[in-house]
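In what follows, a single structure is set out as structure tokens and then discussed.
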Amino acid sequence: MSNQSLTIAMPKGRIFEEAADLLRKAGYKLPQEFDESRKLILEVPEENLRFILAKPTDVTTYVEHGVADAGIAGKDVMLEEERDVYEVLDLKISACYLAVAGLPGTGMNEVAPKVATKYPNIASSYFREQGEQVEIIKLNGSIELAPLIGLADRIVDIVSTGQTLKENGLAEFQHICDITSRLIVNPVSYRMKDQRLDDLVNRLSSIIEGN
Ligand code: PRP
């Protein structure tokens, strides 16, 4: 098999550990340094692999621009942004879902209901499909704050364990869609490095199917 070098964009934070674990199970020898280092570029010469560690929402940008051949991105990011990348595999890790939540017992303000979210496109199309006109307020984090301090009637956000909603006294009103992490590939790399990428996909698939 060809041994072209491969650059993979990994998401820092929550998904990282599960993604690294999956790669190790698929037989890639990743050094311990991988988990502990603050380095942003990690070379694994024995595997002819290079990893770049990016913010989860930036992984698609690195892959779309071709500075990474492949990457691991949440389906939430894929749904929110239209990117010119191929989604080649559902890694079935970091499972969570997108939901509409708010203060229990409260309705939507009838005049101009406000929805706070990190996902303006997903939220807009969801409420459009429901036939509800809303004003979207884009936030970058701590979305659960918005209904607590009167910024919004509802939020659209990720629910994983449900702990954040619970601890902030919020209720879930609607389930929008399930989310998992995906392996994404740059379209040019997909053609130029097909053997290495096929090998990556096959090795990951056999682990995922066995799980
Ligand atoms: C995410 C999400 C929720 C929380 C859900 O936020 O936006 O706030 O996790 O997880 P849970 O259901 O297990 O409580 P994250 O911690 O990524 O940070 P953020 O608030 O900066 O978006």
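When a ligand or atom number is given, it counts from 1 through the structure's own listing order.
- For residues 87-100, the pairs satisfying side-chain hydrogen bond (donor to acceptor under 3.5 Å, both in side chains) are E18-S94, K75-E87, E87-R182, D90-T180, Y97-E172, with sequence neighbours left out.
- A 6.0 Å sphere centred on CD of Q133 holds no more than 12 heavy atoms belonging to other residues, nucleotides or ligands.
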Chi angles and distances behind the side chain to side chain contact (heavy atoms under 4.5 Å, CB included) call for N121, E81: CA-CA 8 Å; N121 293 326; E81 305 166 2; 5.9 Å; no
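- With N48 contributing its side chain and N3 its backbone, the two residues share a donor-acceptor pair below 3.5 Å.
- Residues satisfying the side chain to side chain contact (heavy atoms under 4.5 Å, CB included) test with E47, not counting sequence neighbours, are Y28, K29, V44, L49.
- Among pairs with a residue in residues 53-77, none fulfils ring-ring contact (aromatic ring centres under 6.0 Å, His included), at least two apart in sequence or across chains.
- Enumerated by chain and number, the residues approaching ligand 1 to less than 4.0 Å through a heavy atom are R14, K118, G141, S142, E144, D157, I158, V159, S160, T161, G162, Q163, T164.
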